[in-house]
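Just so we're clear, the structure is a prediction, and the values are computed from it rather than from any experiment.
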Number of protein chains: 2
Amino acid sequence: MTDKFTVYLVDDDPGVLKALSRLLRAKGHDVKPYSSPQVFLEEHDVGVPGCAVLDVSMPGLDGLEIQRVLTVANGYHRPVVFVTGKSDIPTSVRAMKAGAIDFLTKPIKDKDLFEAVSRAEARDAESRRLHSELESMQAKVGTLTPREREVLTHVVAGRLNKQIAGDLGTVEKTIKVHRSRMMEKLGIRTVADLVRMAEKLNLSR
Amino acid sequence: MTDKFTVYLVDDDPGVLKALSRLLRAKGHDVKPYSSPQVFLEEHDVGVPGCAVLDVSMPGLDGLEIQRVLTVANGYHRPVVFVTGKSDIPTSVRAMKAGAIDFLTKPIKDKDLFEAVSRAEARDAESRRLHSELESMQAKVGTLTPREREVLTHVVAGRLNKQIAGDLGTVEKTIKVHRSRMMEKLGIRTVADLVRMAEKLNLSR
DNA sequence: CGTCGAGTTGGCCCTTGGGCCAATAGGTAC
DNA sequence: GTACCTATTGGCCCAAGGGCCAACTCGACG
């Protein structure tokens, strides 16, 4: 149903690795199989849209460890689906609390795996969309001078130019100029849009 | 550490019920023990700040069923902590996916239960705060006339009075009046606040 | 039929926002 | 030192927001 979505598959059992790879490839996914968690982490690229399907218990690095590492990144969370042959409830609960998409026990039903990967794909797409939106906004805010940024926060707070001038120890005219340049740089025309942007970036506080 | 926080405790085992009750009461919580899921659901009051601690497997209504019922409400989700003597991974995963705070296996460590209830309390408080905030805002929006509401959406969209007038087939003066009355009724003074309110209420679309 | 709320509109006037042009001052980079 | 960026300020003028008072229409309610 989809393509250009990469599934990072990590399982120390070559048989499982092969079987799941075939299954997911048949579904149209781009699969990258790893029998070693370490190698996976080295080659893993957060820039690629995709999800991780991890065996819970592996020698060296177990699935939960990997999940933690993947989560640390920069706010972006690589969606993780766990598969396991032998595990326990506390482990599954910990995984889910940490944000796992699903926690499947072997024997794994194809349908369950597909659904999990599908949800992972949706979440990944959404989080990428959000993330890139925030990035582009932050990039624009980054081009603002310190003064312009101050004015921005005051405008978002709903203060009048005159009041902002008072707060910043200058005159209204100066604020108008900063304000105008600020809006220009942000590529925004209305205060409404400015407020929405500021809300998303948490610039209100 | 806290009080006036109610723990609805539901377990068909009288012994467990008694033990957990004592434990939670000692911690300062107001505990309402039920050995019957049905009775619990009948007496349950979403208006009371608290959480539910449910046994997963019970005759009649199992824990997951109860969780589903508690979730249906009106957008408010009663935080649920599961306790179980005998369960399996798929069940725990389903519970966590459905938003459970935690899924504890017996023998339950006091510390785990306390932490779970504590997190449930935090979540409950937060969701109540959010909910009441939304309610009061919606109540105010409810006092608006249809026309005022239309104007609201246009203002939030960043449109000028003149443009709004064009869209609504009237003149700028009329929009000014609606706009003024609208702000007055909402108890809001700045466009910035209006936008933030609209965002929270999803009035932008 | 009279009252009332909702929707309209006009006029008047003041405050704000914002664009354009010009100019000054301090600091930094080449 | 010259060029450039950032911050400032002034003047001029026009557009937009918004308060106050008054008035009109229409449909619903008694």
Whole angstrom value for the distance that separates [atom2] of [N] from [atom1] of [X]:
X        : N      : atom1 : atom2 : value
B:Arg189 : D:dG17 : CZ    : C1'   : 14 Å
B:Asn161 : C:dT8  : CG    : C1'   : 15 Å
B:Lys162 : D:dA16 : NZ    : P     : 4 Å
A:Met183 : C:dG19 : CE    : C1'   : 14 Å
B:Leu168 : C:dA6  : CG    : P     : 18 Å
B:Gln163 : D:dG17 : CD    : P     : 9 Å
B:Leu144 : C:dG7  : CG    : P     : 10 Å
A:Ile175 : C:dG18 : CD1   : P     : 12 Å

Choosing from [options], which nucleotide comes nearest the side chain of [X]?
X        : options                : result
B:Thr145 : D:dG10, C:dG17, C:dA6  : C:dA6
A:Glu172 : C:dT16, D:dG18, D:dA16 : C:dT16
B:His178 : D:dG10, D:dA7, C:dG7   : C:dG7
A:Leu160 : C:dG17, D:dT8, C:dG19  : C:dG17

Any side-chain N or O of B:Lys176 under 4.0 Å from OP1/OP2 of D:dG19?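 Checking D:dG19 against B:Lys176, no side-chain N or O comes under 4.0 Å of OP1 or OP2.
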Are any of B:Ser180's side-chain N or O atoms less than 4.0 Å away from OP1 or OP2 of D:dG19?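 Checking D:dG19 against B:Ser180, a side-chain N or O does come within under 4.0 Å of OP1 or OP2.
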Test A:Asn161 against every option in A:Lys176, A:His178, A:Arg179 by the side chain to side chain donor-acceptor pair (under 3.5 Å) rule and name the one that passes.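 It is A:Arg179; the other options fail the test.
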Over all strands shown, is B:Arg181 touching base, sugar-phosphate only, or nothing at heavy-atom distances under 4.0 angstrom?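 Answer is base: heavy atoms of B:Arg181 come under 4.0 Å of a base.
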Which part of the nucleic acid does A:Thr174 contact within heavy-atom distance under 4.0 Å: base, sugar-phosphate only, or nothing?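 The answer is base, as A:Thr174 lies within the cut-off (heavy atoms under 4.0 Å) of a base atom.
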Quick one: do A:Ser92 and B:Ser92 satisfy side chain to side chain donor-acceptor pair (under 3.5 Å)? Show the steps, please. CA-CA 7 Å; A:Ser92 72; B:Ser92 71; 2.9 Å; yes
Less than 4.0 Å between a side-chain N and a carboxylate O, is that true for A:Asp30 and A:Arg25?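 Answer for the salt bridge query: no.
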Does the pair A:Arg189/A:Asp193 count as a salt bridge with the N-to-O cut at 4.0 Å?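 Looking at A:Arg189 and A:Asp193, the cut-off is not met.
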Cationic tip of A:Arg78 above A:Tyr8 ring, under 6.0 Å, 45° of axis: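 Judged by the rule (NZ or CZ under 6.0 Å from the ring centre, within 45° of its axis), A:Arg78 is not positioned above A:Tyr8.
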Using heavy-atom distances to pick each residue's nearest nucleotide on DNA chain C, tell me which of B:Thr143 and B:Val177 is more 5'.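 The residue mapped nearer the 5' terminus is B:Thr143.
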Checking only heavy atoms, does the side chain of A:Lys173 share a donor-acceptor pair with the base of D:dG11 at less than 3.5 Å?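 When only heavy-atom distances are counted, A:Lys173 does reach the base of D:dG11 through a donor-acceptor pair under 3.5 Å.
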